[in-house]
There are 2 protein chains.
Amino acid sequence: MRSYGQYCSVAKALDIVGDRWTLLIVRELLLRGACRYTDLKNGLPGIATNLLADRIRELEAAGLVRREEAPPPVATTLVHLTEAGAELEPVVKALGWWGIRYMAQPADTDVFRGQWFTYPVEFFLRDRDPDAPAASVELRAGADSTVIEVSGGEVHVRVGSVPRPDLVLTGRPLLINALVTGQLSVAEVTALGLEISGDASLLDRILPDPEDAYPNSPESELSGARL
Amino acid sequence: MRSYGQYCSVAKALDIVGDRWTLLIVRELLLRGACRYTDLKNGLPGIATNLLADRIRELEAAGLVRREEAPPPVATTLVHLTEAGAELEPVVKALGWWGIRYMAQPADTDVFRGQWFTYPVEFFLRDRDPDAPAASVELRAGADSTVIEVSGGEVHVRVGSVPRPDLVLTGRPLLINALVTGQLSVAEVTALGLEISGDASLLDRILPDPEDAYPNSPESELSGARL
DNA sequence: CGGCATCCTCTTTGATACTG
DNA sequence: CAGTATCAAAGAGGATGCCG
């Protein structure tokens with residue numbers, strides 16, 4: 001990227017990470033940890049392969065990622081964030097928080113990946129019953145599934161699945177997102193087609209209080225979307 | 001900007017503000033408040049005029065800024081952030097914080113504007129003596145000057161000057177920045193040519209403790225730069 | 001001046017095909 | 001799996017001109 005040529009730390013930051021796709025690569029590495037080239041490509045639908053290769057090189061040159069040969073059983077090169085790269089998390093989170101307002105109107109051509117539930121879950125879900133037994137929730141949207149582990153007052157997210165989840169939500173990402181962020185109630189998302197199977201009372205434990213819910217977005221806006 | 005087409009709030013945010021120059025326009029409006037077209041152009045050295053006009057239009061269409069006819073004596077149209085636009089402040093601040101690491105190695109062609117001292121000052125300076133009388137510090141670097149008002153435990157920054165400042169720092173932006181962020185001591189910046197006139201004891205009141213200082217950047221790195 | 005619009009050139013991106 | 005090669009289209013940068 002051409003430098004802005006300004007002696008300002010915001011401009012300097014954008015000199016490094018302001019290129020198209022760059023912060024999304026960092027997002028993937030933050031959400032998924034070390035990634036193969038192919039993992040990144042899958043997590044960044046729409047990127048041209050040459051551009052991904054370019055960006056990884058640039059990030060490496062800037063000291064934000066490193067490539068390392070993984071030992072067997074992986075036996076391939078993994079890209080992972082350096083400390084400087086990981087320190088971009090507040091930037092990516094701030095963008096993710098600000099962008100929630102746009103999640104109510106997805107484009108019909110938008111694609112989805114399971115790891116993208118991570119920030120909504122981190123931002124909004126809480127374990128309000130720390131003494132209750134550990135529990136797991138599986139989110140199934142599109143081809144991917146995401147696991148939320150609730151235990152001892154903490155909530156953790158990861159991609160993948162779990163043998164016997166206590167609760168499974170299956171359906172459109174938009175509905176899962178609206179439920180997690182508190183924009184729609186359990187009754188509303190159910191009416192709109194979200195399938196809830198298992199221990200639904202777990203939702204009372206983790207869903208945000210009304211005052212912590214994200215404002216805005218009437219049901220009418222949400223029902224027209226494809227996702 | 002072409003949409004990333006991803007149902008992820010980070011990607012959605014970058015769909016709106018990920019274009020080149022866009023976040024720097026928001027930075028200027030955050031730092032300076034409502035701006036005329038010319039103010040923005042001056043605060044964004046290097047931007048092409050057509051691009052600035054385009055970006056303002058795009059920001060307006062996205063609902064992040066509004067244009068309003070200012071009453072006399074200004075008598076021109078002012079661009080200011082809407083609430084949604086102002087909510088980008090955490091994003092800009094996170095970038096500004098992350099980018100401080102690059103302030104120790106300015107490019108020889110970098111330009112500077114006084115309002116860009118705002119975030120370093122906000123991040124690092126404190127009023128450690130709230131009961132002391134109000135005081136003002138003027139920073140003079142290049143053509144611009146910036147005022148720091150210290151009073152009642154609070155520190156505020158603005159562009160402009162003040163009739164009789166208690167303390168004036170005059171010299172290279174890099175040295176003022178290094179002093180403010182705690183990367184160099186008063187003795188070091190003085191040796192490197194920063195002029196300090198007035199009540200130097202004010203610095204003890206506002207400069208960060210060593211444990212709050214920004215790490216890194218030996219004096220040797222800083223002395224070679226032009227700015 | 002302030003606030004743009006136009007024209008032209010150069011760079012970056014996106015889409016696709018191909019390779020070790 | 002992990003890229004490179006190619007090429008058309010879009011976007012950015014710079015100069016200049018126009019208008020109240």
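Computed from a predicted model, the values in this text were never measured in an experiment. A note on names: the letters A, B, ... follow the listed sequences, proteins ahead of strands, and every chain is numbered from 1.
- The CG atom of A:L40 sits 13 Å away from the P atom of D:dC1 (whole-angstrom rounding).
- Regarding B:D19, its CG atom lies at a distance of 8 Å from the P atom of D:dG11, rounded to whole Å.
- Nucleotides of DNA chain C with any atom under 4.0 Å from a heavy atom of chain B span, from 5' to 3', C:dG2 to C:dA15.
- Note: CG (A:D39) to C1' (D:dA2) measures 12 Å, nearest angstrom.
- Side-chain nitrogen and oxygen atoms of A:R55 include none within less than 4.0 Å of the OP1 or OP2 phosphate oxygen of D:dG3.
- Between the CD1 atom of A:I56 and the P atom of D:dA2 there is a distance of 9 Å, rounded to whole Å.
- Atom CG of residue A:L174 and atom CG of residue A:L184 lie 7.5 Å apart, to the nearest 0.5 angstrom.
- Rounded to whole Å, the distance from CG on A:L51 to C1' on D:dT6 is 15 Å.
- For the atom pair CG of B:L31 and OG1 of B:T146, the computed distance is 10.5 Å after rounding to the nearest 0.5 Å.
- Residues B:R2 and B:G46 both approach DNA chain D. Their nearest nucleotides, taken by heavy-atom distance, put B:R2 toward the 5′ side.
- Exactly one of A:Y102, A:F124, A:Y119 qualifies for a ring pair (Phe, Tyr, Trp, His ring centres under 6.0 Å) with A:W97. That residue is A:F124.
- The main-chain N or O of B:A84 is found under 3.5 Å from a side-chain atom of A:W98 such that the two form a donor-acceptor pair.
- One can place CD1 of B:I47 at 15 Å from P of D:dA15, the figure rounded to the nearest angstrom.
- Across all strands shown, B:A53 has heavy atoms under 4.0 Å from sugar-phosphate atoms exclusively, and none from any base.
- Residues A:R20 and B:T38 both approach DNA chain C. Their nearest nucleotides, taken by heavy-atom distance, put B:T38 toward the 5′ side.
- The environment of B:R66 atom CZ is sparse: at most 12 non-hydrogen atoms of other residues, nucleotides or ligands sit within 6.0 angstrom.
- Of the side-chain N and O atoms in A:R67, one or more sit less than 4.0 angstrom from OP1 or OP2 of D:dG3.
- Between the P atom of D:dG11 and the CG atom of B:D54 lies a distance of 10 Å, rounded to the nearest Å.
- With the nearest nucleotide of DNA chain C identified for both A:E58 and B:R57, B:R57 has the one nearer the 5' end.
- B:V180 has its side chain out of reach of B:Y214: every pair of non-hydrogen atoms, C-beta onward, lies at least 4.5 Å apart.
- As judged by a 4.0 angstrom heavy-atom cut-off over every strand, A:T49 is placed among the base-contacting residues.
- We find the CZ-CD1 distance between B:R67 and B:I56 to be 6.0 Å, quoted to the nearest 0.5 Å.
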